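Presented below is the structure to which this report refers.
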Protein chains: 2
Amino acid sequence: MAVPEQRPALPDQVSELTTARLSVYLRALDQLAAAGTRTISSAALADRFGFNAALIRKDLACFGEFGVRGVGYDVDELRHHLRHILGLDRGLRLVIIGAGNLGLALADYPGFAADGFSVAGLFDVAPAKVGTRSRGGIEIRHVDGLPSLIDREAVDVAVVTVPSAAAQGTVDRAVAAGIRAILIFSPGTVRVPPGVKVRSVDVTLSLESLSFFLANERHARNPD
Amino acid sequence: MAVPEQRPALPDQVSELTTARLSVYLRALDQLAAAGTRTISSAALADRFGFNAALIRKDLACFGEFGVRGVGYDVDELRHHLRHILGLDRGLRLVIIGAGNLGLALADYPGFAADGFSVAGLFDVAPAKVGTRSRGGIEIRHVDGLPSLIDREAVDVAVVTVPSAAAQGTVDRAVAAGIRAILIFSPGTVRVPPGVKVRSVDVTLSLESLSFFLANERHARNPD
DNA sequence: CTGTGTGAACCCCTTCACAGCG
DNA sequence: CGCTGTGAAGGGGTTCACACAG
């Protein structure tokens, strides 16, 4: 028997592009809510933020019927729906592995709180770092303690900020400890078993993309 | 008359997906070169790194005929071609605007050098920070000096690491100073005039995508 | 009459399959 | 004979257009 869970209908097959846009819509709605807007139509949302109205409706329709015909969407209601769909009402726990400059910066990043994320631990291998703290006061522990903390604190996401050469090994260890979602900043690709999701934040790739743009711009100005 | 430039044939309309993959191919080739591989076929490259062979060939074919039929591609030659196509042989100059934890981390990031990027300046608005230095010794200057430095040092890319609320204003100032390529870490969207390219590195978006995955996984294990 | 939800058209990107060069 | 370069087929995602609900 199909249990009518809190989470409705299993969205059979939803594109990752759609889910990524949900986050963007949520931000737009946050802005609208802050400005006091109560209700908005897909057309107005599209106009205001540069989306396509039909796409917004189609994306949302994957998860239910949130709109009122002839009126539009209730801003606050839709925000809460989206937060639930995205799982932001769960208070996800992160660990950060790699206490270099970037890892330390992330450990103290105040932006996590708005999404309900919290840092459960900060790890490194360097004996000189272990025992010291980030500016914000988060203690650096040795990676050997990672599995027990992941288990004890029910950690959801591993944020990996180690050098590229150590990336695969670090990911392997996190996966072995039960992690199924990884955000990795090290340039390059890592392999994970099925069922584990990796999101890569690749600064080098982004910069190279800009570099290509600059090297090949023959756009608009001076159309020779 | 069409000048036969160093840069060949203007690649009429190349998809951004293609150019993004060039970076990935380049990395794979770097690995192969480091391992001493001289020559590789598109099929072997695809096998080894999980691409599609036809796609590799098609992507490369946008920019010339780099392969030798019956043999494959010369690893080192193709690396140099790709570096040129991506503009990595130009020694791009960056400024970092926002000397928070992240900005400071990026200022000292050693990974830029491999791509020929260099940091021409590090900026902030806080009087308390101006005049101090990053751990790596890069001086923090006041943003008011940004336009003159961009001009004087022929800066190519602005890396923006300011709080979200200040993002749009910062971008506007950089664009006014002549910047046409921006890498922004602040969550949210910014508007730029046509001809200016923005790449966003959005940690929050990536984490929310992982959050969605965790909230909606009914994959493989326990297929009820 | 306004705006949602949605089938159909459209468009672009990927994959397949093969002609042809080395 | 092997592998590139490429036209044609296939698949997905976005946009269009409209039936219908409020």
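The chains referred to below are lettered A, B, ... by the order of the sequence lines, with proteins before strands, and numbering in each begins at 1. All of these numbers come straight from a predicted model, not from anything done at the bench.
Atom CZ of B/Arg173 and atom CD1 of B/Ile150 lie 10.5 Å apart (nearest 0.5 Å). Once rounded to the nearest 0.5 Å, the distance linking CD1 of A/Ile184 with CD of A/Gln168 reads 8.0 Å. Note that CG of A/Asn216 is 8.5 Å distant from CG of B/Leu86, once rounded to the nearest 0.5 Å.
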Pairs under 3.5 Å (N/O, protein and nucleotides 16-22 of chain D):
residue: D/dA17; atom: N6; partner: A/Arg57; partner atom: NH2; Å: 3.3

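C/dG20 atom C1' lies 12 Å from atom CD of B/Glu65, rounded to whole Å. If you take CZ of B/Phe51 and P of C/dC16, they are 16 Å apart, rounded to a whole angstrom. For the pair B/Phe66 CZ and D/dG5 C1', the computed distance is 13 Å after rounding to whole Å. As a whole-Å value, the separation of A/Glu77 CD from C/dT4 C1' is 14 Å. The nearest whole Å value for the distance from the CG atom in A/Asp74 to the P atom in C/dG3 is 16 Å. Spacing between atom CG of A/Leu55 and atom C1' of C/dC11 amounts to 14 Å, rounded to whole angstrom units. In this entry the distance linking CG of B/Leu17 with C1' of D/dG13 reads 12 Å, nearest Å. Between the C1' atom of D/dT14 and the CD1 atom of A/Ile56 lies a distance of 13 Å, rounded to the nearest Å.
A donor-acceptor contact closer than 3.5 angstrom links the side chains of A/Asp59 and A/Thr18.
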Derivation of the side-chain contact (heavy atoms from CB on, under 4.5 Å) call for B/Val159 and B/Val95: CA-CA 6 Å; B/Val159 179; B/Val95 287; over 6 Å; no
Full working for side-chain contact (heavy atoms from CB on, under 4.5 Å) between B/Leu183 and A/Leu207: CA-CA 7 Å; B/Leu183 180 65; A/Leu207 271 176; 3.8 Å; yes
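The rotation axes computed at either terminus of the helix from C/dC1-D/dG22 to C/dG22-D/dC1 lie 10° apart, taking five pairs at each end and rounding to 10 degrees.
Within the 6.0 Å centre-distance limit, the rings of B/Phe51 and B/Tyr25 are counted as a close aromatic pair.
By the 4.0 Å N-to-carboxylate-O rule, A/Arg27 lies too far from A/Asp30 to be salt-bridged with it. Using a 4.0 Å cut-off between a side-chain N of Lys or Arg and a carboxylate O of Asp or Glu, A/Glu16 and A/Arg21 do not qualify as a salt bridge.
With A/Thr161 contributing its side chain and A/Gly100 its backbone, the two residues share no donor-acceptor pair below 3.5 Å.
DNA chain C lies under 4.0 Å from at least one heavy atom of each of the following residues of residues 38-48 of chain A: A/Ser41, A/Ser42.
In this pair, A/Phe112 and A/Tyr109 present their aromatic rings perpendicular. The plane angle is above 60°, beyond the 30 to 60° band.
Using a 4.0 Å cut-off, some side-chain N or O of B/Tyr73 falls inside it from OP1 or OP2 of D/dG5.
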